[in-house]
Asks: 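Please see the structure below; I have some questions.
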Amino acid sequence: MPPKRKANFSSPSASKSKRDSRVSTPVSSAQKTTSDKSKDRDETAKGPGELSRLAANNAQRFDLTDFPYTLPPGITDIASAYFQPAQKRDFTDLALKANHQNLPLWIDGSGKITLENFHEKARRVQEFLIAVAEPTSRPRFMHEYKLTIHSLYAAVSAGLTTKDIVTTLERFSKNGLPPNIAEFITECGKSYGKVKLVLRNTKYFLETTDGALLQQLLKDPEISLCRVEGAEATRTSAPTIAGLAIPGTKEAAGMREAEGLNHGVVRRRRSGHSGMAEDIYALLNEDDDDADEHDITHAIEIKDDKVSAVAARCLALHYPALEEYDFRHDNVNPDLEIDLKPATQIRQYQEQCLSKMFGNGRAKSGIIVLPCGAGKTLVGITAACTIKKGIVVLATGSMSAIQWRDEFIKWTNIKPSSISIFSSDQKSTFAGTTGVIVTTYSMVTNTRNRARDAASMMEFLGSREWGLVILDEVHVVPAQTFRRVVGSIKGHSKLGLTATLLREDRKVDDLNCLIGPKLYEANWMELSQQGHIARVQCAEVWCPMPADFYDQYLTTSPRNRPLFCAMNPRKFQACQYLIKYHENRGDKIIVFSDNVYALEIYAKKLMKPFLYGGTSISERQEILDYFRNSPACSTLFLSKIGDTSLDLPEATVLIQVSAQYGSRRQEAQRLGRVLRAKRRHEDGFNAFFYSLVSKDTVEMVYSAKRQVFLVDQGYAFRVITRLKNIENTPGLAFATPEAEHDLLQKVLAESESSAWKKEEEKEAAGLLADGNMFYGRGGRAARKRGFRGHWSRPGL
DNA sequence: CAAGGCGAAA
DNA sequence: CTTATTTCGCCTTG
């Protein structure tokens, strides 16, 4: 920053002279030429402006900002980032109110809201904030929320007015609400709900009650390109909102039958905004929700594959085009006979998710974020039971598809013939006029030639209108090919479910247009305090590297570094120590290593079963059953096969030996593997999560990155630099210098061979490409390692 | 029906 | 400049 400013000062005409030099060759100031004359004329033309700018620059010269305080190298300053102008976190103009100590919020000009979570008013205000803003960080004491166009839309469609929002924020803020924020909220309110995306007769339409607005949108070049043909005007009646009960809620239960269920937690709730604090909502006017809706709607047809492009463009024009499905008045699509089983009672937060989705009596498309083990599936199924139309469920793998089908049968009264799986090994349809289809993303988005039955099944999927599309693990949807599901399956509403709405690329934002806005995000800490998910102790164990290892680590090529980090003998010992400690406590332990070589070495040395991608299906099942049932086996080693599509048995301890780069999602997903743990230990924790990190290596950086999401969820990572009494632990591996040396030689050999293999691969590919282009790219065969899951079973 | 090719994701 | 590496699922062949 300072150099930029310096440049500005030193020559206000510097950029100008550069511009001039392009026109004429530079001349000395002594020579007076025509070009100089024109320059003079230029200067006089904007003389006063130039002068004042010079003065301003001059003043800046004597500003302290031109003499920045720089930290000594190697020291990172976290705090000052908050006060950089780029962050718009300048609080200078925001005067504190006299009674600020009685108020829990800070609101700055960037739309960031900070909540003092320890404040006596925090609980009530929190419920309001969740309704109007998106939570971004919720550790123990200070919570951060962000006002966005989507969060405000959700608030408005749940019945709040923009005036309510502004006054309530103003009321609880320690500082006066910045004027730009009030303006932002009001402006957003004006454009909400004006434009809708609707599906009729398997065609998509952009619809509005404002004819002039539609004309304006049509003038946009991008939108007009996405249009099919002609505009039509249709008549609709304003929808009513009376009497919708979400199945599984207390109200619905009360309607069905009087059950002696726990009434301790029952709070008065009105349809639309259940569980919100009374005093904050006292000023709401429920009835003006649809009051000013016109009878005439104007619509244009949109090309199937351009739906998300139109949504994106509308959002950019500040007219978010959202999907709302008035399923109760849909007489075109046949009803599906599906209901939750009478005994089913959903939890309070699941109910909150659903009231966000069905807040105004229609089904809003969007995303619900719940941690693993918090019952995402049941939320999806309850949504399906509310809409009662044809349902498509998209899962990431065929295993997961089977689980979805089973869950549907477990929780609902759906006829087994009405639900079917469409995957590579099962291709059947439901019996009646409508039903539930569970399929996989790759099945639907496959572009290569299909098998005949798959093609006909796809034809069937694409030619119909579906009431609800449930997208499991919705964070995968922005991927290049998976995003095509949005165009190829026509759903009136879409519900995305995920535990971790995270990607390391910048594509998460696309989900706003592909699926819809985030409707609800659970607070992990809150759920664990309520006992719905486990309380987890997280720790990062720092393992120093022996000197000779570290030397090799420094000299090896960067590609081999992760191998050295994983094979660090101190790390191995830490792993061994932790396994021993927790096995003695009676825990079930899962060890993750993304490096398959390290995985094999660790598991074989410690005589534990291990499982990776190359393990055959039958052997996988055998190993998992063994781990699940045998008391003799309490530790299992897994590659990243365990991250997805493996129905892992319950574990209470998780040890991470090596991981892929800085993936926050992977870290959260792995922590999720112990969230189902129920057994409580005397120290109050149900489960443990250890991340083993080789000290002073790339792993330190990645590890910090990986933890960001969990830290925002309120998890605190304890750093352990030495494990208690590890030096006196008998039977540790690689305890002697010789053993350590042997290990180093092994690792060196492995890194050599993998490097060599790579070379050979490249060479082969090159030669083949040169010699005979029809062979294409070779080298895949060399990659496939032949060894199968090999393991020792002490008890069988 | 088992195995391998291939594309794609993270 | 867009890597690396492991894994999954679909489809085809013997």
Side-chain angles (χ1 to χ4, degrees), chain A residues 394-402 421-427 438-455 457-458 473-485 498 500 502-508 556-563 565-566 592-600 610-620 638-647 658-670 698 702 705-706 750-751 754-755 757-759 761-762 774-789:
Chain A
L394 287 152
T396 42
S398 52
M399 285 272 290
S400 162
I402 293 166
I421 291 182
F422 172 43
S423 69
S424 65
D425 29 62
Q426 287 182 65
K427 297 179 184 76
V438 187
T439 181
T440 62
Y441 288 104
S442 42
M443 197 75 225
V444 174
T445 55
N446 187 19
T447 42
R448 286 169 296 151
N449 20 339
R450 298 167 179 279
R452 221 178 298 106
D453 41 359
M457 191 67 187
M458 260 318 286
E473 309 292 343
V474 73
H475 56 263
V476 303
V477 172
Q480 190 80 57
T481 39
F482 285 179
R483 65 198 304 150
R484 277 199 293 259
V485 283
T498 181
T500 47
L502 290 171
R503 294 184 132 249
E504 301 310 321
D505 51 24
R506 284 238 46 90
K507 286 179 181 162
V508 237
T556 191
S557 82
R559 42 182 294 117
N560 284 325
R561 284 185 179 164
L563 177 69
C565 291
F592 273 105
S593 167
D594 275 10
N595 188 307
V596 180
Y597 176 79
L599 179 81
E600 191 190 359
F610 74 98
L611 216 150
Y612 77 111
T615 317
S616 71
I617 311 276
S618 56
E619 208 169 354
R620 282 180 201 186
L638 294 176
S639 71
K640 62 183 172 191
I641 190 177
D643 290 344
T644 49
S645 75
L646 201 62
D647 188 20
S658 86
Q660 76 170 29
Y661 304 103
S663 169
R664 294 166 295 167
R665 214 205 78 259
Q666 194 186 42
E667 190 93 342
Q669 200 130 30
R670 287 183 172 176
V698 280
Y702 289 137
K705 273 189 159 181
R706 295 167 64 80
E750 168 63 18
S751 63
S754 70
K757 219 177 267 172
K758 196 77 204 169
E759 280 304 302
E761 225 171 79
K762 266 187 193 153
F774 293 107
Y775 275 88
R777 300 189 313 119
R780 196 178 272 273
R783 214 190 295 159
K784 274 232 154 92
R785 297 259 221 50
F787 76 91
R788 300 195 93 78

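What you see below is based on every heavy atom in this structure, not just the backbone, and it leaves out hydrogens, waters and symmetry mates. A, B, ... follow the sequence lines: proteins, then strands. Residue 1 opens every chain.
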Asks: Counting any heavy atom closer than 4.0 Å, what does A:D594 reach on the DNA or RNA strands: base, sugar-phosphate only, or nothing?
Replies: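 Sugar-phosphate contact only - A:D594 comes under 4.0 Å of backbone atoms but never of a base.
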Asks: Rounded off to whole Å, could you give me the CD-to-P distance for the A:Q669 and C:dT6 pair?
Replies: 19 Å
Asks: For A:F592 and C:dT6, what is the distance between atoms CZ and P respectively, to the nearest whole Å?
Replies: 16 Å
Asks: What's the closest nucleotide to the A:V596 side chain, out of B:dA10, C:dT6, B:dA9?
Replies: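 Nearest to the side chain of A:V596 among the choices is C:dT6.
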Asks: Let me know the distance between CD of A:Q660 and P of C:dT5, rounded to the nearest Å.
Replies: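 Those two atoms, CD and P, are 12 Å apart.
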Asks: Looking at A:R559, I'd like to know whether one of its side-chain N or O atoms comes within less than 4.0 Å of OP1 or OP2 on C:dT3.
Replies: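 Checking C:dT3 against A:R559, no side-chain N or O comes under 4.0 Å of OP1 or OP2.
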Asks: Are A:S639 and C:dT7 close enough that a side-chain N or O sits under 4.0 Å from OP1 or OP2?
Replies: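 Looking at the OP1 and OP2 atoms of C:dT7, one of them is under 4.0 Å from a side-chain N or O of A:S639.
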Asks: Please check if any side-chain donor atom of A:S593 sits under 3.5 Å from a side-chain acceptor atom of A:N595, or the reverse.
Replies: no
Asks: What's the closest nucleotide to the A:T481 side chain, out of C:dT7, B:dA9, C:dC10?
Replies: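 From the listed options, B:dA9 comes nearest.
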Asks: Shortest non-hydrogen contact from A:Y702 to A:Y661?
Replies: CB-O, 3.3 Å
Asks: How long is the span from the CG atom in A:L638 to the CG atom in A:L599, to the nearest 0.5 Å?
Replies: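 Output value for this atom pair is 7.5 Å.
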Asks: Rounded off to whole Å, could you give me the CD-to-C1' distance for the A:E504 and C:dT2 pair?
Replies: 15 Å
Asks: Restricting to side-chain hydrogen bond (donor to acceptor under 3.5 Å, both in side chains), what partner residues turn up for A:T500, sequence neighbours left out?
Replies: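 A:T500 satisfies side-chain hydrogen bond (donor to acceptor under 3.5 Å, both in side chains) with no other residue.
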Asks: Take the protein atom CG of A:L394 and the nucleotide atom C1' of C:dG9, then report the distance between them rounded to whole Å.
Replies: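 After rounding, the reported distance stands at 14 Å.
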Asks: Check whether any side-chain N or O of A:R620 sits under 4.0 Å from OP1 or OP2 of C:dT7, and answer yes or no.
Replies: no
Asks: Below 4.0 angstrom from OP1 or OP2 of C:dC8, is there any side-chain N or O of A:T440?
Replies: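 No, A:T440 has no side-chain N/O under 4.0 Å of OP1/OP2 on C:dC8.
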Asks: Test A:D643 against every option in A:Q669, A:R670, A:R665 by the side chain to side chain donor-acceptor pair (under 3.5 Å) rule and name the one that passes.
Replies: A:R670
Asks: Rounded to whole Å, please give me the gap between CG in A:D425 and P in C:dC10.
Replies: 7 Å
Asks: So which nucleotide from C:dG9, C:dA4, C:dT6 ends up closest to the side chain of A:Y661?
Replies: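 So the nucleotide nearest the side chain must be C:dA4.
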Asks: Taking CE from A:M457 and P from C:dC10, how many angstroms apart are they, rounded to a whole number?
Replies: 13 Å
Asks: Quick one: which protein N/O atoms are closer than 3.5 Å to N/O atoms of nucleotides 11-14 of chain C? Pair and distance per line, please.
Replies:
unit_1	atom_1	unit_2	atom_2	d
C:dC11	OP1	A:N446	ND2	3.3

Asks: Measure the spacing between CG of A:L502 and CD of A:Q666 and express it to the nearest 0.5 Å.
Replies: 12.5 Å
Asks: For a quick test of reading the model: is some side-chain N or O of A:S398 closer than 4.0 Å to OP1 or OP2 of C:dG9?
Replies: yes
Asks: Any chance you could lay out the side chain to side chain contact (heavy atoms under 4.5 Å, CB included) test for A:Y441 and A:V477, step after step, and finish with the verdict?
Replies: CA-CA 8 Å; A:Y441 288 104; A:V477 172; 3.7 Å; yes
Asks: CD of A:Q666 versus P of B:dA9: gap in Å, rounded?
Replies: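 Computing the A:Q666:CD to B:dA9:P distance gives 18 Å.
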